[in-house]
There are 2 protein chains.
Amino acid sequence: MAEQAEVLRRTPLNRGRILHAAVALADEAGIESLSMRNLAQELGVVPMALYKHVANKDELLDGMIDVVVSEIDPLVPHADWKHMVRERILSARQVLRRHPWAPLAIESRNMATPAVLAYLDSMVGTLRAGGFSADLAHHVMHAMGSRILGFSQELFDDSRRAGRSGTTAPEPPSEGLPPAAAARFPHLAEIATAALHDDASVVGQGCDDQFEFEFALDLLLDGIERLQQQGWTSRRPR
Amino acid sequence: MAEQAEVLRRTPLNRGRILHAAVALADEAGIESLSMRNLAQELGVVPMALYKHVANKDELLDGMIDVVVSEIDPLVPHADWKHMVRERILSARQVLRRHPWAPLAIESRNMATPAVLAYLDSMVGTLRAGGFSADLAHHVMHAMGSRILGFSQELFDDSRRAGRSGTTAPEPPSEGLPPAAAARFPHLAEIATAALHDDASVVGQGCDDQFEFEFALDLLLDGIERLQQQGWTSRRPR
DNA sequence: ACCTGAACACCGTTCAAGT
DNA sequence: ACCTGAACACCGTTCAAGT
């Protein structure tokens, strides 16, 4: 432990080491405990040393996002655009599941970082090669929104509860709403329990994140496919 | 100015006044300048006085979200669920455009606040009344994600650039990418300009947020309608 | 009993003093 | 020229001392 820190202190600091240490820290302790001071300590370095390699904390966050996006698998060629896009997005999703802090970080930044742009560019390339007009491709990218990067904006998101602090009890996976709320919001109570009793194959889980993500993704992809086959244009009379 | 502050100081503090002042401050100065200390000063009050009415800053944010959600128009009855849902979501969108900080605030909170729950509950109610199974309604709510509250998670979002600080130049509405980036990301450059030259009726704007939002919303609603008419169930073989 | 100033434990970042 | 400790201008929140 102290030995490790000693070894690290010997290795000269560079941007890459800082970014990877920051990602690891955010993964383990939660994004809220990622401070310049904490990060420096983790690296066995005085806080000011970081500023030689990153301009400020915002630039650090941009760099962390680029690290994460770089982990997404490269495109695997397929006959049709739909499978290519679908596979890549699901790969992005796997990556983001390893970095629960990333969605919020991505959303809070303005994010014209190189790795993200490269990722988006290749996605558009796939659509264009699949016969999409630039016009339709544009709107499709907007419609997919953050789902392109593997996450959808959920209204209730357990996953970003915090870091892996073991202090709170494990908490059974949300069996519907608490009784008081269920009475006031009957429709929510109903659909909460609907998902529970729904399918025996989905055990306990309450609500299968992966299923919900793919449901929405396929809903969009199917709709998009239909538009593309119809030769949709935004000039079409509305 | 000093007079106004004087008048405010006389009016006794209460939760409502605090929340509305906080919303106004975030609207005008940006969420990043909403601190307990700033807010107290705005109200002509010592910082500690706030803690009599809100437990802490997180609870303040929850309250602010509730204020915003309460501004969404009530449901207007319609023959079909699709119009009801569509209208209400577009109303939510108008509200959120007045409070550019709200999307990020909503995402960063865990957000089981009363007003939000009531809003979601009535939305589910509309679907159920429209003939949706509890099962399908559940997945639909997930698929819509944050769009239900009137915003979609855009990857590039100018709107949350900051408060209305007039210091920076107005900046022409993004005419595609800067030349250097355009060379490295040709497909992005193409779809950026595609939207520009696309339709003479959309002047200058570059990219019409409202259009993109409705495009995605209708894509989802149409797909959802199709599933509902087919009697879709999650038990169906995949 | 209520209110509030000072204090605590943090931030990100600047800057001048040390080597 | 480089590095870094101390300092600055902030946070949210606690707490004890004042009324």
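Throughout, protein chains are lettered first and strands after them, A, B, ... in sequence-line order, and every chain is numbered starting at 1.
- One interatomic measurement links the two molecules: NZ of B/Lys57 to P of D/dT14, which rounds to 15 Å at whole-angstrom precision.
- Checking D/dC11, C/dG5, D/dA7 against the side-chain heavy atoms of B/Arg37 singles out D/dC11 as nearest.
- When the C1' atom of C/dC10 is taken as reference, atom CE of B/Met36 falls 16 Å away, rounded to whole Å.
- Atoms CG (A/Leu61) and P (C/dG12) sit 10 Å apart, rounded to a whole Å.
- In terms of phosphate contacts, B/Asn38 brings a side-chain nitrogen or oxygen within less than 4.0 Å of OP1 or OP2 of D/dC11.
- A donor-acceptor pair is defined here as one N or O able to donate and one able to accept, closer than 3.5 Å; such a pair exists between the side chain of A/Tyr119 and the backbone of A/Ile148.
- Both tests hold for B/Arg93 against B/Phe213: distance to the six-membered ring centre under 6.0 Å, angle to the ring axis within 45°.
- Side-chain contact annotation: A/Arg88 with A/Ser122, donor-acceptor N/O pair under 3.5 Å present.
- Of all nucleotides present, only C/dC15 satisfies the Watson-Crick or G-U wobble test against D/dG5, with each distance under 3.5 Å.
- If you measure from atom CG of A/Leu13 to atom P of D/dC3, you get 10 Å, rounded to the nearest angstrom.
- Using atom P as the reference point in both D/dG18 and C/dC8, the two lie 16 Å apart (nearest Å).
- Distance from the side chain of A/Met48 is smallest for C/dT14 among the nucleotides D/dC11, C/dT14, D/dT13.
- Put simply, B/Lys52 has a side-chain N or O that comes within less than 4.0 Å of OP1 or OP2 on C/dC3.
- Under the Watson-Crick or G-U wobble criterion, with both distances below 3.5 Å, D/dC10 has no partner in any strand shown.
- Judged purely by atom type and a 3.5 angstrom limit, A/His138 has no side-chain atom pairing as donor or acceptor with the backbone of A/Ala134.
- Spacing between atom CD of B/Glu32 and atom C1' of D/dC11 amounts to 14 Å, rounded to whole angstrom units.
- The separation between B/Tyr51 atom OH and C/dG5 atom C1' is 15 Å, rounded to whole Å.
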Run the side chain to side chain donor-acceptor pair (under 3.5 Å) test on B/Glu71 and B/His99 for me, step by step, so that the C-alpha distance in whole Å, both residues' side-chain angles and the decisive distance to 0.1 Å come before the verdict.
CA-CA 11 Å; B/Glu71 289 177 17; B/His99 309 293; 2.9 Å; yes

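- As rounded to whole Å, 15 Å separates atom C1' of C/dC10 from atom CG of A/Leu34.
- Atom P of nucleotide C/dC15 and atom CG of A/Asn56 are separated by 15 Å, given to the nearest angstrom.
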